[in-house]
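Take a look at the structure below.
In listed order, ligands and their atoms are each counted from 1. The analysis underlying the following values was restricted to heavy atoms, covering all of them including side chains, and did not include hydrogens, waters or symmetry mates.
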Amino acid sequence: MKILAIANQKGGVGKTTTAVNLAASLAERGQRVLLADLDPQGNATMGAGIEKRSALPTVYQILLSQVTVRDARMRSEPGHFDVIPANRELAGAEIDLVNLEQRDLRLKVALAQVADDYDFVLLDCPPTLNLLTVNAFAAAEAVLIPMQCEYYALEGLTDLIATIKKVKQRLNPGIQIEGLLRVMYDPRSTLAQQVSDQIKQHFGDKVYDTVIPRNVRLAEAPSHGMPVLAYDPHCRGSKAYMDLAEEVLERVGRPTLMESMHGQA
Ligand code: ADP
Ligand code: MG
């Protein structure tokens, strides 16, 4: 079982879109996938076609050890993967977890129970570097970072990489950066090209070859409660996330280095 955290502390950079659609694309490629929603907004939950209101129990009860992953997981019918849902209740988790033992390791411990059930677990992180994100980094083998190719894209990664380093020292020595994914890419924009080149210079082969284009079908699909592959299997967004799934699968087992992290922060 490979656990990937999908993180970037900026909001609106395509984390949830990537989590839902990579989950569906990996499932389409024959993988057994669990998607855990760690954002109180519950966008991944809804994007996978699960009603937030009926989605109890959630990851919140899992973190508090009130239920197990097996009790809480639900099926995304259009996505062909399992989901640990989230809703607004999760916003209180930070406070509720503070005084609990091993508050950073609760997700990791909970996921260990289903290690044999899945090939991939994707963790859709909130847009903050809080205790939920730390739980994700403590549980994950690696972090997948979606980013838009715009000004300050690299500067924005400094805090994220510092947090990953701290977790590496304190909680999870094995954590790696799995890859940087360029999303909402507009090839006609000179700026996007320039920033994309900078990202490649800085992070080398950590940058996925696959680029996710700006595609309106990707933005429409969540309002229908579907991954894009179910909503419009032939659109550019579907093709891009299928390509990404293939690249992620190719990278499995490939040794990943922390070298790109040493240059930063
Ligand atoms: P995050 O989870 O990082 O906050 P989202 O995945 O929710 O970001 O994306 C933010 C917004 O951008 C959403 O409205 C989403 O539908 C839209 N979006 C994300 N990726 C794309 C894309 N490649 N093309 C078009 N719209 C996109
Ligand atoms: Mg999100």
Side-chain angles (χ1 to χ4, degrees), residues 4-25 35-50 52 55 58-59 76 78-79 83-88 90-91 93 122-130 132-133 135-137 140 143-150 152-153 156-157 159-160 163 178-189 192 195-196 199 207-245 247:
L4 288 179
I6 298 171
N8 187 325
Q9 81 279 16
K10 274 181 76 175
V13 293
K15 288 181 292 297
T16 300
T17 304
T18 296
V20 169
N21 291 301
L22 180 58
S25 298
L35 168 63
D37 191 350
L38 297 179
D39 189 335
Q41 290 183 59
N43 291 344
T45 302
M46 287 189 300
I50 290 163
K52 270 194 294 186
T58 68
V59 68
S76 166
V83 179
I84 300 176
N87 59 26
R88 293 231 57 84
L90 187 59
L122 304 183
L123 309 174
D124 184 32
C125 292
T128 41
L129 297 170
N130 62 9
L132 294 169
T133 302
N135 259 272
F137 290 170
V143 185
L144 190 163
I145 305 171
M147 54 192 302
Q148 280 177 265
C149 294
E150 53 185 30
Y152 307 122
L157 291 183
D159 291 342
L160 175 63
T163 303
E178 179 74 8
L180 282 94
L181 175 67
R182 292 163 287 171
V183 299
M184 297 188 230
Y185 191 75
D186 176 4
R188 289 162 306 179
S189 154
V195 175
S196 172
I199 292 170
V207 184
Y208 288 105
D209 293 331
T210 306
V211 174
I212 309 297
R214 194 172 278 285
N215 176 234
V216 68
R217 303 307 246 178
L218 285 167
E220 290 167 1
S223 63
H224 299 268
M226 290 181 197
V228 73
L229 213 49
Y231 178 61
D232 184 352
H234 302 296
C235 72
R236 283 163 63 235
S238 286
K239 186 183 177 309
Y241 277 106
M242 281 302 283
D243 288 348
L244 177 65
E247 207 181 340

Problem - 4.0 Å heavy-atom contact, L218 with ligand 1 - result: yes

Problem - Heavy atom of G11, distance to ligand 1 below 4.0 Å - result: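 It does, in that a heavy atom of G11 comes within the 4.0 Å cut-off of ligand 1.
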
Protein contact of [atom] - nearest heavy atom, named by residue and atom, plus distance:
{"atom": "atom 16 (O) of ligand 1", "value": "A219 CA, 3.3 Å"}
{"atom": "atom 4 (O) of ligand 1", "value": "G12 N, 2.7 Å"}
{"atom": "atom 7 (O) of ligand 1", "value": "T16 CB, 4.0 Å"}
{"atom": "atom 21 (C) of ligand 1", "value": "M184 CG, 3.5 Å"}
{"atom": "atom 24 (N) of ligand 1", "value": "N215 N, 2.9 Å"}
{"atom": "atom 6 (O) of ligand 1", "value": "T17 OG1, 2.6 Å"}

Pairs of nitrogen or oxygen atoms closer than 3.5 Å, one from [X] and one from ligand 1: do any exist?
{"X": "N43", "answer": "no"}
{"X": "I212", "answer": "no"}
{"X": "T18", "answer": "no"}
{"X": "K10", "answer": "no"}
{"X": "P213", "answer": "yes"}

Check for a donor-acceptor pair, side chain of [X] on one end and backbone N or O of [Y] on the other, with a separation under 3.5 Å.
{"X": "T16", "Y": "A44", "answer": "no"}
{"X": "K15", "Y": "C125", "answer": "no"}
{"X": "Q9", "Y": "G156", "answer": "yes"}
{"X": "N130", "Y": "T133", "answer": "yes"}
{"X": "Q148", "Y": "M184", "answer": "no"}
{"X": "S238", "Y": "H234", "answer": "no"}
{"X": "N21", "Y": "V228", "answer": "yes"}
{"X": "R236", "Y": "I212", "answer": "no"}

Exercise for the section: Identify, by atom number and element, the atoms of ligand 1 in contact range of G14, meaning under 4.0 Å from any of its heavy atoms. Expected result: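 Counting atoms of ligand 1 from 1, those under 4.0 Å from G14 are 1 (P), 3 (O), 5 (P), 6 (O), 8 (O), 9 (O).
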
Practice task
Below 4.0 angstrom from a heavy atom of V13, which ligand 1 atoms are there? Numbered from 1 as shown, please.
Solution key: 1 (P), 3 (O), 8 (O)

Problem - Distance flag for atom 14 (O) of ligand 1, protein heavy atom under 4.0 Å - result: no

Exercise for the section: Scan the protein's non-hydrogen atoms and note whether one is under 4.0 Å from atom 11 (C) of ligand 1. Expected result: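 Protein heavy atoms within 4.0 Å of atom 11 (C) of ligand 1 - there are none.
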
Exercise for the section: Specify whether an N/O/S atom of T16 falls short of 2.8 Å from the Mg ion (ligand 2). Expected result: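 Checking T16: at least one N, O or S atom is under 2.8 Å.
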
Problem - Spacing of CG belonging to D37 relative to CG belonging to L90, to within rounding of 0.5 Å - result: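 Going from the CG atom of D37 to the CG atom of L90 covers 7.5 Å.
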
Exercise for the section: Would you indicate whether the side-chain heavy atoms of T45 and L35 approach each other to under 4.5 Å? Expected result: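 In short, these two side chains do not touch, never coming nearer than 4.5 Å.
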
Exercise for the section: Verify side-chain hydrogen bond (donor to acceptor under 3.5 Å, both in side chains) between Y241 and T210, making sure each step is shown before the conclusion. Expected result: CA-CA 8 Å; Y241 277 106; T210 306; over 6 Å; no

